[in-house]
Amino acid sequence: MTKAEQLDTIAVLVPADFSGHAAERIDRIFRQVRIERTDPALVTEEMRRTVRGIASFAGIGAAMMDALPNLEIIASFGVGYDSVDVSHAAAKDIMVTNTPDVLTEEVADTAIGLLINTIRDLPRAETWLRDGSWVRKGNYPLSRLTLRGRSVGIFGMGRIGLAIARRLEAFGLPVAYHNRRRVEGLPYQYHPTLKGLAEAVDTLISVAPGSASTQKAVNAEILSALGANGVFVNIGRGSTVDETALAAALAGGTIAAAGLDVFADEPNVPRALLDAPNTSLLPHVGSASEHTRRAMADLCVDNLVSWFSDRRPLTPVPETANVKPRS
Ligand code: NAP
Ligand code: 8YV
């Protein structure tokens with residue numbers, strides 16, 4: 001029997017909202033089982049008996065894992081896996097994989113675009129042209145803020161943080177960062193606390209993962225430390241920000257502007273952030289090009305193929321890296 005014939009007997013559960021390319025590949029290689037959403041109440045007896053893998057955009061909680069006793073692997077679509085209960089997965093010997101590296105440069109490009117949009121007001125300038133204001137009212141007002149002379153702090157100097165830092169270097173801007181651990185060999189100033197970083201810079205870019213340790217880390221104190229000329233950009237996770245404190249800081253002039261690609265309760269964006277004249281907002285499009293989403297889809301599926309054919313994952317998350325295959 002060939003590997004492909006063996007793989008096509010393996011049931012892989014795919015919730016409805018998923019990448020078309022990944023779903024097509026799963027359908028060709030495995031026995032794909034579709035489900036409307038990741039709700040344990042929708043798990044049938046047949047799924048319970050047969051499903052050994054999940055491929056998903058959406059979060060997978062403990063109850064979903066418990067509903068599938070033969071589940072061996074969750075192939076999560078995306079590098080951030082805060083919506084997967086990885087400690088429960090590790091406790092149940094379920095492998096979790098993510099999609100690092102293949103999206104790093106795309107997300108760093110988006111972060112830089114969002115930074116410039118926020119500081120130079122380019123989306124509103126384009127609206128000015130398109131709605132005829134240029135003809136009727138003349139030139140668009142000069143931007144109050146500039147990237148020139150800024151110093152940038154990166155909260156989360158990992159793969160994407162480093163790709164952002166390299167771009168900023170080419171812009172001639174000094175870069176500093178905060179992680180829990182200093183990264184050896186980097187030419188950027190390390191700050192052991194986020195507050196220390198915010199005090200030292202006027203532009204803070206967050207690309208930190210969502211987790212208990214980063215929950216609302218960017219709060220009123222951090223924004224106040226950034227100062228009145230401060231610009232905050234978030235391309236990491238909305239959960240890392242106290243959005244109420246951010247809206248107040250923007251309204252009261254504690255900081256000058258914010259650019260946000262991610263929000264605490266997506267797709268719902270707080271009214272105060274939507275209405276603020278000093279925000280630039282994107283609907284979580286950091287990695288959202290066809291090119292990069294295809295590469296993420298391939299890595300997501302390749303993890304399933306590698307697990308079920310060679311019994312090893314390609315890109316396990318650290319929390320489940322030691323999970324062993326069941327046979
Ligand atoms: P990564 O390489 O794992 O980098 C994460 C960095 O954050 C690490 O350097 C880590 O360093 C630091 N960190 C983690 N917890 C921290 C804490 N409590 N305090 C301070 N620093 C902390 O991950 P990546 O590939 O760069 O991705 C980063 C995140 O970007 C993802 O998790 C995801 O949430 C987000 N993302 C967003 C989009 C989008 O579309 N907007 C796209 C892709 C990724 P230490 O462990 O030393 O603290
Ligand atoms: C995707 C992301 O939007 O990789 C991540 O962590 O946030 C984004 O690339 C998301 O994963 C799609 O589900």
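Only a predicted model underlies this, so the values are computations on that prediction, with no experimental measurement involved. Both ligands and their constituent atoms are indexed starting at 1 by order of listing.
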What do you reckon, are the aromatic ring centroids of Tyr190 and Tyr177 less than 6.0 Å apart?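 Yes, they do, as the ring centres are separated by less than 6.0 Å.
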Look at atom 11 (O) of ligand 2 and say which protein heavy atom is nearest, naming residue and atom and giving the distance to 0.1 Å.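 For this ligand atom, the closest protein heavy atom is Phe77 O, 3.1 Å.
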Heavy atoms only: which of Glu106, Gln215, Arg182, Arg180 lies closest to atom 48 (O) of ligand 1?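 Going through Glu106, Gln215, Arg182, Arg180 one by one, Arg180 has the nearest heavy atom to atom 48 (O) of ligand 1.
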Nearest candidate to atom 24 (P) of ligand 1, where distance is taken over non-hydrogen atoms, out of Ile160, Val207, Leu162, Thr193: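 Nearest heavy atom to atom 24 (P) of ligand 1 lies in Ile160.
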What do you reckon, does Thr104 have a nitrogen or oxygen under 3.5 Å from a nitrogen or oxygen of ligand 1?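 Between Thr104 and ligand 1 (N or O atoms, distance only) the closest approach is not under 3.5 Å.
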Any atom of ligand 1 sitting under 4.0 Å from a heavy atom of Phe155?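 The answer is yes, since Phe155 has a heavy atom less than 4.0 Å from ligand 1.
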Does Pro100 reach ligand 1, in the sense of a heavy atom lying below 4.0 Å from it?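 It does not; every heavy atom stays at 4.0 Å or beyond.
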Using a 4.0 Å cut-off to any heavy atom of Leu103, which atoms of ligand 2 qualify?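 Per the distance check, 4 (O), 9 (O).
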Residue part near ligand 2, for Arg293, under 4.0 Å between non-hydrogen atoms: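 The side chain, only.
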What part of Val262, side chain, backbone, both or neither, has a heavy atom within less than 4.0 angstrom of ligand 2?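 Looking at Val262 and ligand 2, no heavy atom falls under 4.0 Å.
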Within 45° cone and under 6.0 Å: Arg311 NZ/CZ vs Trp307 ring: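 Yes, a cation-pi geometry holds between Arg311 and Trp307.
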Side-chain heavy atoms nearer than 4.5 Å, only ILVMFWY residues, links allowed to pass through others: does that put Phe171 and Ile154 together?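 Shared cluster, yes.
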Reported CG-to-CG distance for the pair Leu304 and Leu314, which is rounded to 0.5 angstrom: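 The distance works out to 9.5 Å.
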No-hydrogen, no-angle side-chain donor-acceptor test under 3.5 Å, Ser287 and Arg293: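 Present: a donor and an acceptor within the cut-off.
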